[in-house]
2 protein chains.
Amino acid sequence: MRLLPHPATEDIELTEVLRALSDPVRLEIVARLAARGELTCGTVGDELGVHKSTASHHFKALRDSGLVFTKQEGRLKYMSLRRADLEARFPGLLESILSAARPHAGSHG
Amino acid sequence: MRLLPHPATEDIELTEVLRALSDPVRLEIVARLAARGELTCGTVGDELGVHKSTASHHFKALRDSGLVFTKQEGRLKYMSLRRADLEARFPGLLESILSAARPHAGSHG
DNA sequence: CGCATTGTTTGACAACGATCAAACTATGCG
DNA sequence: CGCATAGTTTGATCGTTGTCAAACAATGCG
(Lines give C-alpha, C1' and ligand atoms only; values in the text may rest on other atoms or scores of the structure.)
Protein backbone atom coordinates (compact mmCIF):
# COMPACT_ATOMS: atom_id res chain seq x y z
CA MET A 1 0.00 0.00 0.00
CA ARG A 2 2.43 2.63 -1.15
CA LEU A 3 -0.07 4.67 -3.10
CA LEU A 4 -3.04 6.47 -1.70
CA PRO A 5 -5.98 7.89 -3.63
CA HIS A 6 -5.60 11.51 -4.65
CA PRO A 7 -8.02 13.52 -6.74
CA ALA A 8 -6.79 14.45 -10.20
CA THR A 9 -5.87 18.08 -10.63
CA GLU A 10 -8.92 18.83 -12.75
CA ASP A 11 -11.17 17.21 -10.14
CA ILE A 12 -10.10 19.49 -7.31
CA GLU A 13 -13.12 21.51 -6.26
CA LEU A 14 -12.94 25.01 -4.95
CA THR A 15 -15.51 24.62 -2.21
CA GLU A 16 -13.73 21.54 -0.90
CA VAL A 17 -10.40 23.32 -0.85
CA LEU A 18 -11.91 26.25 1.01
CA ARG A 19 -13.67 23.96 3.40
CA ALA A 20 -10.50 22.04 4.12
CA LEU A 21 -8.72 25.29 4.89
CA SER A 22 -11.50 26.69 7.04
CA ASP A 23 -10.40 24.57 9.98
CA PRO A 24 -7.71 26.32 12.03
CA VAL A 25 -5.77 23.11 12.60
CA ARG A 26 -5.72 22.28 8.91
CA LEU A 27 -4.82 25.81 7.93
CA GLU A 28 -1.91 25.62 10.33
CA ILE A 29 -0.86 22.28 8.87
CA VAL A 30 -0.90 23.77 5.39
CA ALA A 31 1.05 26.81 6.55
CA ARG A 32 3.72 24.54 8.01
CA LEU A 33 3.80 22.41 4.89
CA ALA A 34 4.38 25.57 2.90
CA ALA A 35 7.22 26.59 5.18
CA ARG A 36 8.86 23.23 5.73
CA GLY A 37 8.03 21.15 2.71
CA GLU A 38 7.05 17.88 4.33
CA LEU A 39 5.47 16.67 7.54
CA THR A 40 4.40 13.37 9.03
CA CYS A 41 1.24 12.63 10.91
CA GLY A 42 3.07 12.19 14.16
CA THR A 43 4.93 15.47 13.81
CA VAL A 44 1.70 17.35 13.32
CA GLY A 45 -0.01 15.65 16.23
CA ASP A 46 2.96 16.40 18.42
CA GLU A 47 3.51 20.02 17.40
CA LEU A 48 -0.13 21.03 17.21
CA GLY A 49 -1.22 19.20 20.31
CA VAL A 50 -3.86 16.97 18.78
CA HIS A 51 -4.26 13.22 19.02
CA LYS A 52 -2.61 11.24 16.26
CA SER A 53 -5.98 9.97 15.08
CA THR A 54 -7.14 13.55 14.78
CA ALA A 55 -4.03 14.41 12.81
CA SER A 56 -4.70 11.44 10.56
CA HIS A 57 -8.27 12.63 10.09
CA HIS A 58 -7.08 16.09 9.07
CA PHE A 59 -4.51 14.69 6.68
CA LYS A 60 -7.19 12.64 5.02
CA ALA A 61 -9.36 15.73 4.70
CA LEU A 62 -6.49 17.62 3.14
CA ARG A 63 -5.67 14.75 0.83
CA ASP A 64 -9.29 14.28 -0.25
CA SER A 65 -9.64 17.95 -1.01
CA GLY A 66 -6.60 17.82 -3.25
CA LEU A 67 -4.44 20.08 -1.11
CA VAL A 68 -1.77 17.62 -0.09
CA PHE A 69 0.06 14.66 -1.55
CA THR A 70 1.00 11.68 0.57
CA LYS A 71 4.16 9.72 -0.01
CA GLN A 72 5.11 6.66 1.93
CA GLU A 73 8.70 5.97 2.88
CA GLY A 74 9.34 3.14 5.22
CA ARG A 75 7.02 3.39 8.16
CA LEU A 76 6.54 7.10 7.68
CA LYS A 77 4.10 8.97 5.51
CA TYR A 78 5.17 12.36 4.30
CA MET A 79 2.60 14.92 3.34
CA SER A 80 3.44 17.77 1.01
CA LEU A 81 1.49 20.58 -0.61
CA ARG A 82 0.30 20.08 -4.18
CA ARG A 83 1.46 23.56 -5.07
CA ALA A 84 1.84 23.07 -8.80
CA ASP A 85 -1.47 21.26 -9.18
CA LEU A 86 -3.28 23.91 -7.20
CA GLU A 87 -1.60 26.66 -9.17
CA ALA A 88 -2.70 24.99 -12.38
CA ARG A 89 -6.24 24.56 -11.19
CA PHE A 90 -6.74 27.81 -9.28
CA PRO A 91 -3.99 30.29 -10.18
CA GLY A 92 -2.89 32.46 -7.30
CA LEU A 93 -5.34 30.97 -4.84
CA LEU A 94 -3.00 29.04 -2.60
CA GLU A 95 -0.40 31.80 -2.49
CA SER A 96 -2.93 34.42 -1.46
CA ILE A 97 -4.32 32.15 1.25
CA LEU A 98 -0.84 31.36 2.54
CA SER A 99 -0.01 35.03 2.54
CA ALA A 100 -3.23 35.78 4.40
CA ALA A 101 -2.44 33.06 6.92
CA ARG A 102 0.95 34.49 7.81
CA PRO A 103 0.93 36.51 11.03
CA HIS A 104 0.70 40.22 10.31
CA ALA A 105 3.50 42.49 11.37
CA GLY A 106 1.04 45.24 12.24
CA SER A 107 0.40 43.72 15.67
CA HIS A 108 -3.22 43.46 16.56
CA GLY A 109 -3.45 41.07 19.47
CA MET B 1 -32.73 49.60 12.67
CA ARG B 2 -30.86 50.87 9.66
CA LEU B 3 -27.47 49.64 10.76
CA LEU B 4 -26.45 46.06 11.20
CA PRO B 5 -23.38 44.76 13.01
CA HIS B 6 -20.38 44.20 10.79
CA PRO B 7 -16.93 43.12 11.90
CA ALA B 8 -14.23 45.75 11.59
CA THR B 9 -11.78 45.19 8.79
CA GLU B 10 -8.98 44.20 11.17
CA ASP B 11 -11.27 41.73 12.90
CA ILE B 12 -12.04 39.73 9.77
CA GLU B 13 -10.62 36.26 10.27
CA LEU B 14 -9.28 34.13 7.48
CA THR B 15 -10.76 30.85 8.63
CA GLU B 16 -14.19 32.44 8.90
CA VAL B 17 -13.96 33.89 5.43
CA LEU B 18 -12.90 30.54 4.02
CA ARG B 19 -15.65 28.78 5.92
CA ALA B 20 -18.25 31.18 4.67
CA LEU B 21 -17.11 30.57 1.11
CA SER B 22 -16.95 26.80 1.47
CA ASP B 23 -20.71 26.52 1.09
CA PRO B 24 -21.72 26.29 -2.60
CA VAL B 25 -24.76 28.50 -2.09
CA ARG B 26 -22.74 31.21 -0.40
CA LEU B 27 -19.95 31.00 -2.94
CA GLU B 28 -22.54 31.49 -5.66
CA ILE B 29 -24.01 34.46 -3.80
CA VAL B 30 -20.58 36.03 -3.57
CA ALA B 31 -19.91 35.36 -7.23
CA ARG B 32 -23.15 37.11 -8.14
CA LEU B 33 -22.40 40.00 -5.84
CA ALA B 34 -19.07 40.37 -7.59
CA ALA B 35 -20.76 40.39 -10.97
CA ARG B 36 -23.82 42.48 -10.17
CA GLY B 37 -22.85 44.68 -7.27
CA GLU B 38 -25.88 44.32 -5.03
CA LEU B 39 -28.50 41.73 -4.23
CA THR B 40 -31.43 41.40 -1.89
CA CYS B 41 -32.38 38.41 0.18
CA GLY B 42 -35.46 37.73 -1.90
CA THR B 43 -33.55 37.86 -5.15
CA VAL B 44 -31.08 35.29 -3.92
CA GLY B 45 -33.78 33.00 -2.57
CA ASP B 46 -35.62 33.25 -5.86
CA GLU B 47 -32.66 32.82 -8.21
CA LEU B 48 -30.88 30.14 -6.23
CA GLY B 49 -33.97 28.18 -5.31
CA VAL B 50 -33.65 28.30 -1.55
CA HIS B 51 -36.18 29.37 1.02
CA LYS B 52 -36.02 33.03 2.00
CA SER B 53 -35.12 32.09 5.56
CA THR B 54 -32.23 30.06 4.20
CA ALA B 55 -31.14 33.02 2.11
CA SER B 56 -31.34 35.23 5.19
CA HIS B 57 -29.27 32.69 7.09
CA HIS B 58 -26.59 32.71 4.40
CA PHE B 59 -26.51 36.48 4.27
CA LYS B 60 -25.99 36.59 7.99
CA ALA B 61 -23.14 34.10 7.69
CA LEU B 62 -21.56 36.23 4.97
CA ARG B 63 -22.06 39.40 7.00
CA ASP B 64 -20.64 37.88 10.19
CA SER B 65 -17.59 36.63 8.35
CA GLY B 66 -16.92 40.13 7.03
CA LEU B 67 -17.51 39.30 3.39
CA VAL B 68 -20.57 41.42 2.73
CA PHE B 69 -21.99 44.73 3.81
CA THR B 70 -25.71 45.19 4.33
CA LYS B 71 -27.44 48.44 3.57
CA GLN B 72 -31.10 49.06 4.19
CA GLU B 73 -33.18 51.09 1.78
CA GLY B 74 -36.87 51.16 2.35
CA ARG B 75 -38.10 47.65 2.86
CA LEU B 76 -35.20 46.15 1.02
CA LYS B 77 -31.78 45.20 2.26
CA TYR B 78 -28.99 45.33 -0.22
CA MET B 79 -25.93 43.21 0.29
CA SER B 80 -22.64 44.08 -1.35
CA LEU B 81 -19.13 42.68 -1.26
CA ARG B 82 -16.64 44.37 1.07
CA ARG B 83 -14.03 44.30 -1.65
CA ALA B 84 -11.86 47.14 -0.37
CA ASP B 85 -11.90 45.90 3.22
CA LEU B 86 -11.03 42.40 2.16
CA GLU B 87 -8.28 43.64 -0.11
CA ALA B 88 -6.84 45.64 2.77
CA ARG B 89 -7.02 42.70 5.14
CA PHE B 90 -6.06 39.85 2.81
CA PRO B 91 -4.53 41.24 -0.38
CA GLY B 92 -5.41 39.28 -3.49
CA LEU B 93 -7.46 36.71 -1.65
CA LEU B 94 -10.94 37.59 -2.80
CA GLU B 95 -9.90 38.15 -6.38
CA SER B 96 -8.20 34.77 -6.62
CA ILE B 97 -11.22 33.06 -5.11
CA LEU B 98 -13.59 34.84 -7.47
CA SER B 99 -11.38 33.93 -10.37
CA ALA B 100 -11.32 30.33 -9.21
CA ALA B 101 -15.08 30.34 -8.86
CA ARG B 102 -15.68 31.41 -12.45
CA PRO B 103 -16.57 28.56 -14.77
CA HIS B 104 -13.55 27.38 -16.69
CA ALA B 105 -13.54 27.59 -20.45
CA GLY B 106 -11.64 24.31 -20.70
CA SER B 107 -14.83 22.24 -20.44
CA HIS B 108 -14.60 19.37 -18.08
CA GLY B 109 -18.11 18.10 -17.51
C1' DC C 1 -54.25 52.17 12.23
C1' DG C 2 -54.78 48.16 8.71
C1' DC C 3 -52.47 45.88 5.08
C1' DA C 4 -48.87 44.23 2.02
C1' DT C 5 -44.00 43.39 1.47
C1' DT C 6 -39.41 41.98 3.03
C1' DG C 7 -36.53 39.93 5.93
C1' DT C 8 -35.46 37.64 10.72
C1' DT C 9 -36.11 34.33 14.37
C1' DT C 10 -37.33 30.07 16.15
C1' DG C 11 -38.18 25.21 15.96
C1' DA C 12 -37.37 20.85 14.09
C1' DC C 13 -34.62 17.66 11.77
C1' DA C 14 -30.96 15.37 9.49
C1' DA C 15 -26.24 15.47 8.26
C1' DC C 16 -21.71 16.50 9.09
C1' DG C 17 -17.42 17.20 11.68
C1' DA C 18 -13.77 17.67 15.37
C1' DT C 19 -12.06 15.28 19.06
C1' DC C 20 -10.23 11.51 21.88
C1' DA C 21 -9.45 6.71 22.97
C1' DA C 22 -8.94 2.09 21.88
C1' DA C 23 -8.51 -1.45 18.63
C1' DC C 24 -6.59 -2.53 14.39
C1' DT C 25 -3.35 -2.54 10.26
C1' DA C 26 1.02 -1.99 8.08
C1' DT C 27 5.79 -1.68 8.02
C1' DG C 28 10.57 -2.58 9.39
C1' DC C 29 13.97 -4.99 12.35
C1' DG C 30 16.16 -9.08 13.82
C1' DC D 1 7.64 -15.14 13.97
C1' DG D 2 7.78 -11.52 17.89
C1' DC D 3 8.24 -6.79 18.80
C1' DA D 4 8.26 -1.83 18.14
C1' DT D 5 6.81 2.13 15.40
C1' DA D 6 3.51 4.93 12.54
C1' DG D 7 -1.01 5.61 10.88
C1' DT D 8 -5.86 4.24 10.21
C1' DT D 9 -10.43 2.88 11.56
C1' DT D 10 -14.18 2.63 14.56
C1' DG D 11 -17.02 4.18 18.32
C1' DA D 12 -18.70 7.68 21.31
C1' DT D 13 -19.57 12.54 22.27
C1' DC D 14 -20.76 16.92 21.47
C1' DG D 15 -21.27 20.87 18.86
C1' DT D 16 -22.24 23.01 14.38
C1' DT D 17 -24.82 23.73 10.20
C1' DG D 18 -28.05 23.67 6.05
C1' DT D 19 -32.73 23.40 5.23
C1' DC D 20 -37.69 24.36 5.42
C1' DA D 21 -41.80 26.10 7.60
C1' DA D 22 -44.23 28.99 10.49
C1' DA D 23 -44.38 32.74 13.46
C1' DC D 24 -42.60 37.19 14.16
C1' DA D 25 -40.81 41.97 13.28
C1' DA D 26 -39.92 46.00 10.57
C1' DT D 27 -40.97 49.03 6.96
C1' DG D 28 -43.77 51.70 3.71
C1' DC D 29 -48.35 53.00 1.87
C1' DG D 30 -52.64 55.22 2.39
Side-chain angles (χ1 to χ4, degrees), chain A residues 1-6 13-33 38-80, chain B residues 1-6 13-33 38-80:
Chain A
M1 193 245 267
R2 283 211 159 72
L3 291 179
L4 285 135
H6 293 80
E13 289 198 26
L14 178 58
T15 50
E16 292 184 16
V17 168
L18 298 179
R19 206 181 118 30
L21 293 174
S22 71
D23 180 272
V25 174
R26 283 194 293 264
L27 185 61
E28 178 64 27
I29 291 174
V30 167
R32 292 186 183 217
L33 286 175
E38 285 184 332
L39 289 174
T40 65
C41 215
T43 304
V44 165
D46 191 35
E47 294 190 6
L48 274 66
V50 295
H51 197 277
K52 64 174 183 172
S53 61
T54 302
S56 176
H57 162 73
H58 285 312
F59 268 128
K60 175 163 168 40
L62 289 169
R63 193 188 322 124
D64 288 348
S65 75
L67 272 162
V68 314
F69 175 75
T70 305
K71 170 189 67 173
Q72 181 149 8
E73 229 169 69
R75 271 166 302 184
L76 298 176
K77 281 183 178 171
Y78 292 94
M79 282 74 169
S80 56
Chain B
M1 193 246 265
R2 282 211 159 71
L3 291 178
L4 285 134
H6 293 81
E13 288 198 28
L14 178 58
T15 50
E16 293 184 17
V17 168
L18 298 179
R19 217 194 99 31
L21 293 174
S22 71
D23 179 273
V25 173
R26 284 194 293 265
L27 184 61
E28 178 64 27
I29 291 174
V30 166
R32 292 185 183 217
L33 286 174
E38 286 183 331
L39 289 174
T40 65
C41 215
T43 304
V44 164
D46 190 36
E47 294 190 6
L48 273 67
V50 296
H51 197 276
K52 64 174 183 170
S53 62
T54 302
S56 175
H57 162 73
H58 285 312
F59 268 128
K60 175 163 168 38
L62 289 169
R63 191 187 325 124
D64 289 349
S65 76
L67 271 162
V68 313
F69 174 75
T70 304
K71 170 189 66 170
Q72 183 149 7
E73 230 170 67
R75 273 164 302 184
L76 298 176
K77 282 182 177 170
Y78 292 94
M79 283 72 169
S80 55

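Reminder, nothing fancy here: chain letters follow the sequence lines and each chain counts from 1. Keep in mind that this is a model prediction, so the values were computed, not measured.
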Look at the side-chain N and O atoms of [X] and state whether any lies under 4.0 Å from the OP1 or OP2 oxygen of [N].
X: A:Arg19; N: C:dC16; result: no
X: A:Lys77; N: C:dT27; result: no
X: A:Arg75; N: C:dC29; result: no
X: A:Thr40; N: D:dG7; result: yes
X: A:Ser56; N: D:dG7; result: no
X: B:His57; N: D:dG18; result: yes

Separation of [X] atom [atom1] from [N] atom [atom2], in whole Å?
X: A:Ile29; N: C:dT19; atom1: CD1; atom2: C1'; result: 13 Å
X: B:Phe59; N: D:dG18; atom1: CZ; atom2: P; result: 15 Å
X: B:His51; N: C:dC13; atom1: NE2; atom2: C1'; result: 15 Å
X: A:Tyr78; N: C:dT27; atom1: OH; atom2: P; result: 16 Å
X: A:Gln72; N: C:dT25; atom1: CD; atom2: P; result: 16 Å
X: A:Asp64; N: D:dT9; atom1: CG; atom2: P; result: 10 Å
X: B:Arg26; N: D:dT19; atom1: CZ; atom2: C1'; result: 12 Å
X: A:Leu39; N: D:dA6; atom1: CG; atom2: P; result: 15 Å

d(B:Ile29 CD1, B:Glu47 CD) to nearest 0.5 Å is 10.5 Å
Rounded distance (nearest 0.5 Å) linking atom CG of A:Leu62 with atom OG1 of A:Thr70: 9.0 Å
Closest approach to the side chain of [X], judged atom by atom: which nucleotide of [options] is it?
X: A:Asp23; options: C:dG7, C:dA18, D:dG18; value: C:dA18
X: A:Val25; options: C:dT19, D:dG7, C:dT8; value: C:dT19
X: A:Thr54; options: D:dT9, D:dT27, C:dC20; value: C:dC20
X: A:Ser53; options: D:dG18, D:dC20, C:dA22; value: C:dA22
X: A:Arg63; options: C:dC20, D:dT8, C:dG7; value: D:dT8
X: B:Leu76; options: C:dT8, C:dT6, D:dG7; value: C:dT6

Please check if the side chain of A:Arg19 supplies one atom and the backbone of B:Ser22 the other of a donor-acceptor pair under 3.5 Å. no
For A:His58, which contact category applies under a 4.0 Å heavy-atom criterion: base, sugar-phosphate, or nothing? sugar-phosphate
Quick one: are B:Tyr78 and B:Thr40 in side-chain contact, heavy atoms under 4.5 Å? yes
Are any of the side-chain heavy atoms of A:Arg26 and A:Leu67 separated by less than 4.5 Å? no
Please confirm whether any donor atom in the side chain of A:Lys52 sits under 3.5 Å from an acceptor in the base of D:dG7, or the reverse. yes
With A:Arg32 as reference, evaluate A:Val44, A:Leu48, A:Thr43 under the side-chain contact (heavy atoms from CB on, under 4.5 Å) test and give the passing residue. A:Leu48
